[in-house]
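Since the structure comes first, as structure tokens, the remarks are kept for the end.
Naming convention: chains lettered A, B, ... in sequence-line order (proteins, then strands); numbering from 1 in each chain. No experiment lies behind these values; they were computed from the predicted model shown. Only this structure's heavy atoms are used, side chains among them; waters, hydrogens and symmetry mates stay out.
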Protein chains: 2
Amino acid sequence: MTKPTPDPRHTLTLRDVSEASGVSEMTVSRVLRNRGDVSAPTREKVLEAARALGYVPNKIAGALASQRVNLVGVVIPSLSNMVFPEVMTGISEVLDGTGLQPVVGVTNYLPDREESVIYEMLSWRPSGMIIAGLEHSTAARAMLGRAGIPIVEIMDIDGDPINHAVGISHRRAGRQMAEAIIAAGYRKIAFLGTQMPNDFRAKKRLEGFEEALAKAGLTLVDREYYSGGSALLKGREMTAAVLNRTPDVDFLYYSNDMIGAGGLLYCLAQGIDVPGRIGLAGFNGVELLDGLPRKLATMDACRLEIGKRAAEIIAGKASQGEKVELFPTLQRGDTIR
Amino acid sequence: MTKPTPDPRHTLTLRDVSEASGVSEMTVSRVLRNRGDVSAPTREKVLEAARALGYVPNKIAGALASQRVNLVGVVIPSLSNMVFPEVMTGISEVLDGTGLQPVVGVTNYLPDREESVIYEMLSWRPSGMIIAGLEHSTAARAMLGRAGIPIVEIMDIDGDPINHAVGISHRRAGRQMAEAIIAAGYRKIAFLGTQMPNDFRAKKRLEGFEEALAKAGLTLVDREYYSGGSALLKGREMTAAVLNRTPDVDFLYYSNDMIGAGGLLYCLAQGIDVPGRIGLAGFNGVELLDGLPRKLATMDACRLEIGKRAAEIIAGKASQGEKVELFPTLQRGDTIR
DNA sequence: AAGGTGGCTGTTAGCGGTAACAATAGCAGA
DNA sequence: TCTGCTATTGTTACCGCTAACAGCCACCTT
């Protein structure tokens with residue numbers, strides 16, 4: 001029994017496996033891809049040789065030859081806010097069976113970076129792209145439109161998709177929340193959220209929110225923005241600032257659950273009567289909230305479902321229309337009276 | 001002025017740009033990669049043609065021809081626990097200037113999945129790989145060892161790296177925490193953590209922790225495990241369970257900050273004197289803790305730094321030795337007396 | 001016995017780029 | 001004017017794999 005002595009300088013190719021097993025490269029290729037007919041004994045020989053050598057196929061060459069790439073580009077703004085990981089889960093779940101593989105790119109909410117991430121991804125000729133949001137640079141839209149692959153824009157449907165869109169209407173979500181708040185009798189409502197030059201979805205929620213307020217003859221009594229840092233801490237700080245500046249405020253609407261949770265903890269620590277004296281609401285429905293002393297009112301963003309639907313479109317499992325709208329449910333929690 | 005009429009069926013190649021600009025494919029290639037000498041007017045012509053057509057280079061072909069791939073595989077167990085996003089930040093920061101691009105793969109703590117993610121990644125012939133942990137299947141280790149590219153195993157250094165390792169000693173971290181707890185006078189210490197068939201780092205921390213307890217003649221008075229679900233909520237539940245089962249416990253050591261935070265909120269809600277009656281500590285130093293009513297004792301895992309160092313090794317910016325050990329600092333917070 | 005037929009394996013010709021080298025032109029110096 | 005050199009551009013030969021098709025052989029069929 002000779003020890004397999006792989007030349008350490010030379011990376012293995014089909015030819016090595018072919019020589020080791022005494023068949024043609026083509027046959028090796030067929031065995032390794034499970035395609036076409038190969039007799040059982042040949043298959044065995046090849047597989048053993050490949051295993052013994054430790055051969056790892058070169059997908060670059062394979063992709064070039066077959067004009068097929070089993071990659072799906074996923075472009076998202078951030079990994080650290082607990083919302084996209086869940087989308088990824090949905091995507092992976094669906095893609096898992098299909099031989100397709102997600103490849104993640106992060107843009108940090110920077111349009112330039114988004115453009116270059118998209119460019120980079122497209123240059124690998126993926127089978128499809130999933131991209132957060134409907135707002136992209138002209139160049140990015142053009143590239144995507146010309147790529148000749150399915151493009152699914154996710155999270156948001158308030159706008160014109162390049163190809164397909166799967167998401168919720170953030171404008172409507174904002175409106176709905178405002179209506180619920182007003183119906184509960186709150187009147188002095190403040191907004192606390194991200195400084196959002198490029199968080200278009202947060203912006204749309206706020207637009208919808210203010211729209212509904214206006215319809216009821218109300219306007220925001222205060223607003224406070226932040227950027228960067230620990231969202232939970234920022235939530236505390238902003239809440240303190242607002243309560244200090246506008247003592248008679250009776251509702252705090254947060255642009256996301258994390259700062260909302262910070263605000264909730266702050267109010268509880270201050271002994272403020274929630275939701276009697278002040279009501280609170282966030283957005284996203286992150287599972288973090290389940291562990292809070294009191295459950296923050298929120299609206300889930302259908303993240304898992306969005307991921308799944310998007311992946312299904314890419315995988316061709318669904319002949320969806322252009323827009324797939326999902327409907328978030330309002331979870332009143334314990335912070336709206 | 002004729003409108004550029006890109007055949008919508010046909011994806012563009014260098015040849016299209018070459019024909020549109022009247023130079024050879026090679027020259028176009030040179031312009032687009034900024035390599036070799038090309039006269040200014042030619043460069044202009046080519047760039048304009050490429051832009052007008054909306055040409056996106058095919059990296060697959062480029063990579064095959066040049067035997068160079070600007071990708072770095074990053075294999076991590078999870079995206080949703082707030083620890084890896086920060087590692088990714090460190091990696092991106094360093095890689096950004098180098099032309100290298102990270103590609104993330106997620107294993108969900110499943111060894112089989114890790115193996116297949118590694119296989120898949122290697123088949124794209126990346127320039128390097130960064131992988132969480134030192135424990136991998138034999139096959140995975142073999143593949144990585146033979147790949148002929150720099151392999152950096154991160155987070156942990158208690159073991160034998162394939163190539164390079166950048167991380168902290170979790171055993172030592174556990175020991176240190178135990179020593180601090182004992183020194184503070186706590187004696188009835190319980191552990192609460194993940195059901196960790198494959199979270200080797202949590203396991204090592206616990207080992208180190210118990211080792212130090214043993215040296216002081218102590219053993220854990222209770223332990224509680226969980227898996228899945230909202231970590232914050234699980235922290236509450238587990239804490240309740242332990243306090244109920246072992247009323248005289250005086251310290252709760254959590255395997256991560258998230259469940260620790262849940263425990264802290266629970267204790268505070270119960271009006272328990274922290275850190276007088278009961279002390280608490282977690283692990284990781286996630287920024288989430290900054291927003292809590294009281295600061296949980298923890299140990300930062302040097303995540304950003306680990307990401308940076310690993311990327312530097314891959315980028316060849318550092319001729320680091322085999323192991324790079326970083327030293328976490330104990331943050332006592334407000335939950336150790 | 002000639003002519004299928006199906007199962008298996010091999011051959012050929014690229015896929016779309018790039019490395020390496022060849023070719024050409026323009027120009028200075030001898 | 002001729003040589004030598006530099007700056008620029010083109011040509012050729014792959015990179016490692018797969019689609020498409022060709023070939024071969026055993027086994028039927030009629």
Side-chain N or O of [X] versus OP1/OP2 of [N]: is the shortest distance under 4.0 Å?
X       : N      : result
B/Ser66 : D/dC15 : no
A/Tyr55 : D/dG16 : no
B/Thr27 : D/dG10 : yes
B/Gln67 : D/dG16 : yes
B/Arg35 : D/dT9  : no
B/Ser24 : D/dG10 : yes

So which one's nearest nucleotide on DNA chain D is more toward 5', B/Ala61 or B/Met26?
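Here B/Met26 is the residue nearer the 5' end.
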First of B/Gly22 and A/Leu64 reached from the 5' end of DNA chain D, by closest nucleotide
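On the 5' side of the pair lies B/Gly22.
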Indicate, with a heavy-atom threshold strictly under 4.0 Å, whether [X] touches base, sugar-phosphate, or nothing.
X       : answer
A/Arg68 : sugar-phosphate
A/Asn58 : sugar-phosphate
B/Arg15 : nothing

Whole angstrom is fine here: how far is it from [atom1] in [X] over to [atom2] in [N]?
X       : N      : atom1 : atom2 : value
A/Arg43 : C/dG7  : CZ    : P     : 14 Å
A/Glu19 : D/dG16 : CD    : C1'   : 14 Å
B/Leu32 : C/dA19 : CG    : C1'   : 17 Å
B/Arg33 : C/dG17 : CZ    : C1'   : 8 Å
B/Asn70 : C/dG17 : CG    : P     : 15 Å
A/Leu14 : D/dA19 : CG    : P     : 12 Å

Look at the side chain of A/Thr98 and the backbone N and O of A/Val94, then say whether any donor-acceptor pair between them is shorter than 3.5 Å.
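The answer is no, because no donor-acceptor pair under 3.5 Å joins these two groups.
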Tell me yes or no: between the side chains of B/Glu322 and B/His164, is some donor less than 3.5 Å from an acceptor?
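No, no side-chain donor-acceptor contact under 3.5 Å.
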Neighbour count above 12 (heavy atom, 6.0 Å) for A/Glu325 CD:
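Enclosed: over 12 neighbouring heavy atoms sit under 6.0 Å from CD of A/Glu325.
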Does A/Glu48 have more than 12 heavy atoms from other residues, nucleotides or ligands lying within 6.0 Å of its CD?
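Open: at most 12 neighbouring heavy atoms sit under 6.0 Å from CD of A/Glu48.
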For side chain to side chain contact (heavy atoms under 4.5 Å, CB included), just list the numbers for A/Met129 and A/Asn163, CA-CA rounded to whole Å, side-chain angles, deciding distance to a tenth of an Å, and then say yes or no.
CA-CA 10 Å; A/Met129 291 274 276; A/Asn163 217 213; over 6 Å; no
Toward the 5' end of DNA chain C, by each residue's nearest nucleotide, A/Glu25 or B/Val28:
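Upstream on the strand: A/Glu25.
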Can a donor-acceptor pair under 3.5 Å be found between the side-chain atoms of B/Arg30 and the base atoms of D/dG10?
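Side chain to base: pair found, below 3.5 Å.
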